[in-house]
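What follows is a set of notes on a single structure, which appears directly below.
Below, all heavy atoms of this structure are taken into account, side chains as well, without hydrogens, waters or symmetry copies. Just so we're clear, the structure is a prediction, and the values are computed from it rather than from any experiment.
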Amino acid sequence: MSKTLIRGAKVLGGDPQDVLIDGETIAAVGTALDADGATVVEADGMILLPGLVDLHTHLREPGREDSETVLTGTRAAAIGGYTAVHAMANTFPVADTAGVVEQVWRLGRESGYCDVQPVGAVTVGLAGKQLAELGAMADSAAGVRVFSDDGKCVDDAVIMRRALEYVKAFDGVVAQHAQEPRLTEGAQMNEGTVSGELGLVGWPAVAEESIIARDVLLAAHVDSRVHICHLSTAGSVEIVRWAKSKGWNVTAEVTPHHLLLTDELVRSYNPVYKVNPPLRTEADVMALREALADGTIDCVATDHAPHPHEDKDCEWAAAAMGMVGLETALSVVQQTMVDTGLLDWAGVADRMSARPAVIGRLAGHGRPVAAGEPANLTLVDPAYRGVVNPAGFASRSRNTPYEGRELPGRVIATFLRGRATVVDGKLA
């Protein structure tokens with residue numbers, strides 16, 4: 001079995017330590033560890049984190065391999081420091097049966113760059129009319145525990161209640177894309193001052209907040225778990241904070257782009273900024289940062305949404321919604337949360353690894369950096385500064401809102417069960 005010694009890394013931002021990897025496991029953490037027979041990685045000044053876990057990734061396969069594949073998406077994930085991703089169900093065909101989720105799971109095992117945990121659809125075909133095969137997907141080889149119609153809202157309260165009741169049987173969670181469809185018909189961006197000035201149909205905050213309010217009440221009523229996808233408004237934060245104060249089993253995620261970007265960018269009419277939910281106001285961004293810092297928002301999830309060139313390089317109204325995010329997520333979190341003093345690196349490990357692994361019931365990930373634990377690790381150079389150039393992305397798509405922007409931090413190495421998937425910032 002191969003050995004690797006990571007020498008002098010700041011584990012979770014603490015004092016420098018050596019970490020010895022033996023096979024798939026962390027063998028020892030300490031100082032002046034014996035490197036006999038080990039490959040040595042010099043990590044002076046670098047931060048060592050548990051491998052990142054993404055609760056919300058679109059890998060597009062099967063059906064939209066022109067945008068992304070499980071292989072290219074997991075390569076992008078590894079470059080971004082991820083050792084596990086949850087693959088959303090809005091594929092073609094939809095991942096609403098045991099057969100499709102097992103196909104995605106097997107593709108993940110074959111790709112090898114990170115673990116792929118399929119997310120099952122809540123309803124057949126994402127149509128919101130009939131519950132999908134939740135139990136069969138849970139019992140499949142993929143062992144699905146997260147269910148979401150992401151891209152569409154489960155807007156029927158009865159269907160949502162039934163789903164919440166059903167997943168209790170196997171400790172599952174329903175991850176809701178909170179968007180009241182009647183309030184967002186034809187919507188193009190956040191409803192507010194900018195939408196009024198640009199003459200674009202607005203997407204009101206209440207369209208998100210009303211669904212979240214309903215669903216936390218439903219989750220409490222049936223004593224089940226609900227997770228709020230890509231929370232984006234200050235009002236949504238307050239609803240989740242209230243639900244948690246009641247002791248209800250509610251969790252929430254925020255995307256990197258909602259921590260940094262605002263609807264003012266839409267003035268450019270550049271479709272790279274078109275996303276669902278839309279970019280909100282500066283006040284919303286600040287509320288989201290504070291909520292992530294105080295734990296009201298549990299985790300950061302990328303909502304990595306790759307699109308081919310022709311779906312984004314067009315007029316605003318015709319453009320697809322979504323941004324790629326796996327390769328830049330940690331840098332954006334460093335800029336918005338660490339460099340601002342809102343989170344330390346231990347907090348980043350909690351919000352980007354430990355908590356998403358717990359929410360997704362993903363064993364072996366999000367674990368402490370300690371002897372006897374799986375060697376799923378990410379080594380980061382926080383002093384690095386670089387301009388984002390999507391031409392060098394591992395993802396098949398290039399629809400990043402950060403092109404030409406300087407971001408801090410760089411993933412130097414990623415280890416999946418002791419095997420280096422990224423070395424010196426490049427795919428192994």
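Of the possible polar contacts, none joining the Arg161 side chain to the Leu218 backbone as a donor-acceptor pair under 3.5 Å is found. Remark: the backbone N or O of Pro306 is not paired with any side-chain donor or acceptor of His58 at under 3.5 angstrom. Arg280 places no side-chain N or O within donor-acceptor distance of the main-chain N or O of Ala234, the cut-off being under 3.5 Å. Looking at Lys312, its side chain never comes within 3.5 Å of a backbone N or O of His307 through a donor-acceptor pair. Counting only distance, with no hydrogens or angles, the side chain of Thr57 and the backbone of His304 share no donor-acceptor pair below 3.5 Å.
The CD atom of Glu208 lies 5.0 Å from the CG atom of Leu231; values are rounded to the nearest 0.5 Å. We find the CG-CG distance between Asp344 and Leu12 to be 8.5 Å, quoted to the nearest 0.5 Å. Rounding to the nearest 0.5 Å places CE of Met46 at 12.0 Å from OH of Tyr384.
Nearest heavy-atom pair across Ala205 and Thr233 is CB-CG2, 3.7 Å. When all heavy atoms are compared, the tightest approach of Ser353 to Gly366 is OG-CA, 3.1 Å. Taking each heavy atom of Leu52 and Gly80 in turn, the nearest pair found is CD1-O, 3.6 Å. Residues Val369 and Val29 come closest through the heavy atom pair O-CG2, 4.0 Å. Nearest heavy-atom pair across Tyr113 and Ala428 is OH-O, 3.8 Å.
Other residues, nucleotides and ligands place no more than 12 heavy atoms under 6.0 Å from the NZ atom of Lys10. Arg109 CZ: 12 or fewer foreign heavy atoms inside a 6.0 Å radius.
A side-chain donor-acceptor contact under 3.5 Å links Thr72 and Glu68. Under 3.5 Å, the side chains of Ser331 and Thr328 contain no donor-acceptor pair of N or O atoms. Judged by distance alone, the side chains of His365 and Asp115 do bring a donor and an acceptor atom under 3.5 Å apart. Looking only at atom types and distance, the side chain of Thr251 has a donor-acceptor partner in the side chain of His227 under 3.5 Å away. Between the side chains of Glu180 and Ser210, no donor-acceptor pair of N or O atoms lies under 3.5 Å.
Here Asp150 does not pair with Lys152 in a salt bridge; the nearest charged N to carboxylate O distance is not below 4.0 Å. The pair Glu165-Lys168 does not count as a salt bridge, with every side-chain nitrogen at least 4.0 angstrom from each carboxylate oxygen. Using a 4.0 Å cut-off between charged nitrogen and carboxylate oxygen, Lys129 and Asp156 do not count as a salt-bridge pair.
Using a 4.5 Å heavy-atom cutoff, the side chains of Thr336 and Arg289 are in contact. Counting only heavy atoms from C-beta outward, the side chains of Leu330 and Pro256 never approach each other to under 4.5 Å.
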Chi angles and distances behind the salt bridge (charged side-chain N to carboxylate O under 4.0 Å, His left out) call for Arg106, Glu102
CA-CA 6 Å; Arg106 292 185 201 288; Glu102 285 190 355; 3.6 Å; yes

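Classification of the His230-His56 ring pair by plane angle, with boundaries at 30° and 60°, yields tilted. Classified by interplanar angle (parallel below 30°, tilted 30° to 60°, perpendicular above 60°), the ring pair Phe170/Phe147 is tilted.
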